[in-house]
Amino acid sequence: MRLKLIGIPVVAAALAGAGVAVQAADPLPVTPVKPPAATTATFKGTGQIVDFVAEERLITVAHDDMPSLGMPAMTMDFPVAASVDAAAITPGQTVSFVLTLIDGILTVTEIRPAAGPRGGASQ
């Protein structure tokens with residue numbers, strides 16, 4: 001014996017034709033689902049501070065290649081998080097830094113003098 005599946009519209013039409021009132025079901029209430037907490041994306045870099053505008057907390061860094069970001073060496077501006085000590089930022093200084101993706105913007109969240117051949121901490 002073969003079973004034939006009949007769709008709901010066909011069944012509803014048949015019942016309506018037989019004089020049975022058919023009412024469409026109310027849609028199920030939609031409960032908003034909070035997405036899982038996103039992991040924070042961070043990227044490490046090294047470079048030389050070109051400029052720092054303390055009032056705007058904006059740093060300009062000539063940074064090395066950042067393969068984790070797929071970014072070649074270049075000079076860029078980044079906002080500096082309020083948690084970073086602005087007194088530690090000196091133009092001309094070679095630094096290592098951490099960029100954190102905050103609200104879609106790469107922001108410097110850590111910065112310190114870099115040790116190494118570019119002059120870093122020893123100069």
Side-chain angles (χ1 to χ4, degrees):
M1 173 180 194
R2 278 192 163 171
L3 293 176
K4 187 172 185 178
L5 297 176
I6 301 175
I8 291 176
V10 173
V11 172
L15 290 173
V20 178
V22 178
Q23 181 178 359
D26 290 331
L28 294 175
V30 177
T31 304
V33 177
K34 184 177 179 183
T39 57
T40 303
T42 60
F43 307 93
K44 294 181 180 179
T46 57
Q48 185 174 24
I49 299 173
V50 175
D51 193 21
F52 178 60
V53 181
E55 301 80 35
E56 296 178 28
R57 296 198 62 86
L58 187 67
I59 191 170
T60 303
V61 180
H63 65 77
D64 297 334
D65 289 341
M66 297 181 70
S68 62
L69 263 173
M71 187 180 293
M74 65 179 75
T75 301
M76 293 185 68
D77 293 336
F78 298 104
V80 177
S83 60
V84 174
D85 180 12
I89 300 173
T90 306
Q93 182 180 35
T94 300
V95 294
S96 61
F97 58 93
V98 175
L99 296 174
T100 303
L101 193 60
I102 300 174
D103 296 328
I105 300 170
L106 288 170
T107 303
V108 175
T109 54
E110 294 178 37
I111 192 165
R112 63 184 157 277
R118 286 178 70 171
S122 61
Q123 287 188 348

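When a residue number appears, it is its place in the shown sequence, counting from 1.
In this structure, the side chain to side chain contact (heavy atoms under 4.5 Å, CB included) partners of Ser68, at least two apart in sequence or on a different chain, are Phe43. Applying the side chain to side chain contact (heavy atoms under 4.5 Å, CB included) criterion to Glu56, with sequence neighbours excluded, gives Val53, Leu58. Partners of Thr75 according to the side chain to side chain donor-acceptor pair (under 3.5 Å) rule, which considers only residues two or more places apart in sequence or in another chain, do not exist here. Evaluation of the side chain to side chain donor-acceptor pair (under 3.5 Å) rule for Asp65 yields no partner, not counting sequence neighbours.
By the criterion of side-chain heavy atoms lying less than 4.5 angstrom apart, applied directly or through intervening Ile, Leu, Val, Met, Phe, Trp or Tyr residues, Val98 is not grouped with Ile89; the two fall into different hydrophobic clusters. Note on Ile59 and Leu101: same hydrophobic cluster, where clusters join Ile, Leu, Val, Met, Phe, Trp and Tyr whose side-chain heavy atoms are under 4.5 Å apart, directly or indirectly. Tracing side-chain contacts under 4.5 Å through hydrophobic residues (I, L, V, M, F, W, Y), one never reaches Ile102 starting from Met66; they form parts of separate clusters. Both Met71 and Ile49 are members of a single hydrophobic cluster when ILVMFWY side chains are connected at heavy-atom separations under 4.5 Å. Taking hydrophobic clusters as Ile, Leu, Val, Met, Phe, Trp and Tyr residues chained together by side-chain heavy-atom distances below 4.5 Å, Phe52 shares a cluster with Phe78.
Listed by first then second residue, pairs satisfying salt bridge (Lys or Arg N to Asp or Glu O under 4.0 Å) with a partner in residues 100-115 read Glu110-Arg112, not counting sequence neighbours. The side chain to side chain donor-acceptor pair (under 3.5 Å) analysis of residues 79-92, with sequence neighbours excluded, yields no pairs.
Using the six-membered ring where Trp is involved, Phe97 and His63 have ring planes that are perpendicular, over 60° apart on the 30 and 60° scheme.
Judged by distance alone, the side chain of Gln48 and the main-chain N or O of Gly92 form a donor-acceptor pair under 3.5 Å.
Considering Val95, Leu99, Val61 in turn, Val95 is the only one that fulfils the side chain to side chain contact (heavy atoms under 4.5 Å, CB included) rule with Ile111.
A distance of 13.5 Å separates CG of Leu69 from NZ of Lys44, quoted to the nearest 0.5 Å. Between the CG atom in Leu106 and the OG1 atom in Thr100 there is a gap of 8.5 Å [rounded to 0.5 Å].
Arg57 and Ala86 make their closest contact through NH1-CB, 3.6 Å (heavy atoms, listed as atom of the first residue, atom of the second, distance). Of all heavy-atom pairs between Ala114 and Ser96, the closest is CB-N, 3.7 Å.
Residues Gln93 and Pro113 have side chains in contact (heavy-atom distance under 4.5 Å, counting atoms from C-beta outward).
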